[in-house]
> 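Next up is a structure, given as structure tokens.
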Amino acid sequence: MFVGSRKWVVLVATIWIQAFTGTNFDFSSYSSELKSVLQITQLQLNYLSVASDMGKVFGWCCGVSLFYFPLWVVLFMATFLGLLGYGFQCLLIKQLISLPYFLVFLLCLVAGCSICWFNTICYVLCIKHFPSNRSLALSLSISFNGVSAALYTLIANAITSSDDTLYLLLNAIVPLLISAVVLVPILQQPQPQPNSADMIRRDSLVFLCLNILALVTGLYLLFLYSLSSNTTIARVILVGAGFLLVLLLFLPVIVNSREWSCLTSPACYPLLNSRFNLINLDGGGGDDDDYDDDLHKELIENEDNYSRNRSSVIVREKCCFDTVLLKDQLKVLGEEHSTKMLMHRWDFWIYYMAYLCGGTMGLVYSNNLGQISQSLGHNSQTKTLVTLYSTCSFFGRLLAAAPDFLNRKIHFARTGWFAAAVVPMTIAFILLAITGSIEALRMSTALIGLSSGFVFAAAVSITSELFGPNSVAVNHNILITNIPIGSCLYGLLAALVYDSNADGASRDTMWLREMTMCLGRKCYLETFLWWGCISIVGLVSSFVLYFRTRHAYYDNFGRNTN
């Protein structure tokens with residue numbers, strides 16, 4: 001077993017947690033049944049989806065709890081919250097119990113809180129054990145949150161394809177089982193080890209292989225999902241998915257074992273010598289010393305040129321940008337921010353707005369996906385669309401690791417990648433407003449899933465870079481308080497438009513007391529236009545954040561290069 005193998009076991013444990021606790025994607029799968037059982041309006045249903053997102057308002061409680069309780073205790077607290085929230089909703093839809101609307105609202109809130117707590121636990125584990133590669137660890141772990149809907153659909157179809165309430169039962173029980181499985185590596189966490197250059201290089205190779213395997217897993221679920229309607233086939237596909245998830249546990253050992261055998265093989269020495277032949281390890285004299293002097297002078301020249309170029313860029317930009325735009329800019333990355341400091345940072349509030357009008361919009365779309373497909377006459381495609389959104393969100397989250405793999409060749413600030421990721425979402429809403437065909441719905445769902453997935457994964461790394469890695473458990477949960485705000489506002493907008501276009505003679509009475517039904521493009525057309533405009537605001541905010549923070553990123557690139 002290679003040195004540091006235990007930290008990879010912890011990483012795979014976070015991957016398994018994320019893969020089976022992304023239950024926020026499942027709301028659209030049972031929202032129609034919940035609406036029917038409770039006999040509520042679209043507006044009231046929207047409040048239930050908002051309640052699920054409101055759990056993120058209390059995500060900071062998890063960060064604070066980690067200061068006072070062991071991590072495994074907080075893990076099972078999150079498990080209990082999910083068991084309580086989803087378990088009673090399952091009994092309600094099966095009509096085994098009857099609950100008032102207010103209690104159902106609280107159950108959705110508790111269930112949403114459990115999701116946020118699971119996520120925070122995974123963030124803390126990744127940052128603690130991979131300080132030099134935390135962005136890679138975070139994006140890889142968070143990406144598997146996007147395959148939850150596909151995995152739950154496979155499990156449900158493998159048991160029975162006719163019981164829609166099975167989703168809620170699985171949402172309640174499966175996280176408990178996974179938490180029990182990962183309990184051992186979490187209890188036996190390794191002590192963080194000092195990272196040498198060689199270890200960082202080997203870790204990067206392992207991350208590359210893990211990302212490739214993750215990509216294979218996503219493609220496997222995406223292309224074979226359509227065959228899972230048959231119970232027998234679903235079981236076979238589920239076994240294959242389970243094998244890929246277990247293979248993640250052994251891949252780091254395989255990769256490092258092969259590399260170690262290469263390092264101890266004489267056939268590899270020429271390759272290693274050619275790779276490091278620019279460094280004189282012996283400290284000898286002669287021509288090597290002259291070469292080292294020339295190399296040293298060249299590096300100093302490059303550094304001076306870099307500094308002069310940066311200074312000229314700053315001077316030009318001061319002439320182009322208003323001083324308000326550049327007020328209170330971040331100077332360096334990684335500076336720890338207390339809550340008070342965070343609240344006084346302009347960069348935080350611009351970041352908050354970018355997330356509010358970017359990633360949050362994708363989550364609101366997924367919450368309304370069941371009603372959108374029903375109104376457009378594609379009710380039978382709801383589960384397929386939910387899985388498509390979830391899987392594309394997985395690919396988007398996985399793609400968030402690209403900046404770390406490309407940073408040696410492409411020096412581009414992560415906030416710039418964040419801004420670029422919002423562009424497909426804007427295009428998707430314009431496409432939905434233009435046409436209501438099933439092809440456009442699928443393409444737009446895929447684009448929104450890809451875009452929001454990238455934003456969700458990249459945001460955790462951005463928060464740790466801009467406001468400090470040690471404070472991310474609290475600071476990132478403060479950031480995502482915009483999710484329930486956006487869910488309420490954007491969902492309320494969609495619900496009002498939906499109910500105003502619902503068929504029925506006594507719409508005023510029905511709007512308040514009875515279930516409404518709206519069919520046709522009119523139900524969401526105005527909503528798509530509004531959502532498109534809001535996403536443009538998010539796009540502009542993202543680019544403002546990029547312009548304000550790029551100097552800090554480029555200074556960091558310069559230090560790492562030199």
Side-chain angles (χ1 to χ4, degrees), residues 7-26 55-56 59 62 71-72 74-76 78-79 81-82 111-130 134-155 170-171 174-183 185-186 207 210-211 213-215 217-218 221 241-242 244-249 251 359 363 366 387 389-401 449 452-461 472-473 476-477 480:
K7 70 180 181 181
W8 296 106
V9 177
V10 173
L11 177 62
V12 174
T14 67
I15 289 174
W16 289 353
I17 292 173
Q18 292 279 13
F20 291 98
T21 58
T23 50
N24 53 312
F25 292 109
D26 289 347
K56 296 174 176 58
C62 179
L71 193 142
W72 68 270
V74 181
L75 176 67
F76 278 97
T79 302
L81 292 173
C113 192
S114 72
I115 301 169
C116 188
W117 281 44
F118 279 124
N119 291 343
T120 303
I121 290 166
C122 294
Y123 301 159
V124 171
L125 286 172
C126 289
I127 291 173
K128 177 181 178 181
H129 295 290
F130 295 92
R134 62 174 178 266
S135 298
L136 289 171
L138 285 168
S139 60
L140 180 64
S141 176
I142 295 169
S143 66
F144 277 85
N145 197 251
V147 300
S148 293
L151 290 173
Y152 275 105
T153 301
L154 279 176
I155 298 172
L170 293 172
N171 288 354
V174 172
L176 175 62
L177 299 177
I178 293 299
S179 298
V181 170
V182 303
L183 182 60
I186 287 179
F207 273 116
L210 286 173
N211 276 272
L213 181 57
L215 180 63
T217 304
L221 292 172
L244 291 173
L245 289 175
V246 172
L247 185 59
L248 290 166
L249 186 62
L251 188 61
L363 188 58
S366 72
T387 301
Y389 175 89
S390 174
T391 308
C392 288
S393 175
F394 164 78
F395 289 125
R397 294 163 191 253
L398 199 61
L399 195 62
S452 59
F454 189 101
V455 169
F456 292 146
V460 184
S461 298
V472 72
H476 192 70
N477 281 306
I480 61 176

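Nothing here was measured: the structure is a model prediction, and the numbers come from that model.
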> How close do His129 and Lys7 get, heavy atom to heavy atom, and via which atoms?
O-CD, 3.9 Å
> Evaluate the side-chain proximity of Leu398 to Leu140: yes if any heavy-atom separation is below 4.5 Å, no if none is.
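Result yes, sub-4.5 Å side-chain heavy-atom pair found.
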> Is there a donor-acceptor pair under 3.5 Å between the side chain of Arg397 and the backbone N or O of Ala457?
no
> State the OG1-CZ distance between Thr217 and Phe394, to the nearest 0.5 angstrom.
6.0 Å
> Taking all non-hydrogen atoms of both residues, which atom of Ile17 and which atom of Thr21 are closest, and how far apart?
O-OG1, 2.5 Å
> With sequence neighbours excluded, what pairs up with Val9 under the side-chain contact (heavy atoms from CB on, under 4.5 Å) test?
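Only Pro185, Leu249 meet the side-chain contact (heavy atoms from CB on, under 4.5 Å) criterion with Val9.
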> Would you name the heavy atoms of Gln18 and Asn119 that are closest together and state the gap between them?
OE1-OD1, 3.0 Å
> In Å and rounded to the nearest 0.5 Å, what is the CG to CZ distance from Leu248 to Phe144?
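Interatomic distance, Leu248 CG to Phe144 CZ, rounded to 0.5 Å: 4.5 Å.
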> Taking Tyr152 for its side chain and Phe20 for its backbone only, find out whether a donor-acceptor pair lies under 3.5 Å.
yes
> Run the side chain to side chain contact (heavy atoms under 4.5 Å, CB included) test on Phe118 and Thr79 for me, step by step, so that the C-alpha distance in whole Å, both residues' side-chain angles and the decisive distance to 0.1 Å come before the verdict.
CA-CA 8 Å; Phe118 279 124; Thr79 302; 3.5 Å; yes
> Within the distance-only criterion (no hydrogens, no angle test), does the side chain of Ser139 pair as donor or acceptor with the backbone N or O of Leu136 below 3.5 angstrom?
yes
> For the rings on Phe76 and Trp117, is their centre-to-centre separation under 6.0 Å?
no
> Looking at residues at least two apart in the chain, or sitting in another chain, which of them share a side chain to side chain donor-acceptor pair (under 3.5 Å) with Ser114?
none
> Please report the shortest heavy-atom distance between Leu151 and Ala19, naming the atom on each side.
CD1-O, 3.6 Å
> Could you tell me which non-hydrogen atom of Leu138 sits nearest to which non-hydrogen atom of Cys126, and how far apart they are?
CD2-CB, 3.8 Å
> Say you draw a straight line from CG of Asn171 to OG of Ser148; how long is it, rounded to the nearest 0.5 Å?
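Result: 9.0 Å between the selected atoms.
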> Ignoring hydrogens, what is the shortest heavy-atom contact between Ile121 and Leu75? Give both atom names and the distance.
CD1-CA, 3.4 Å
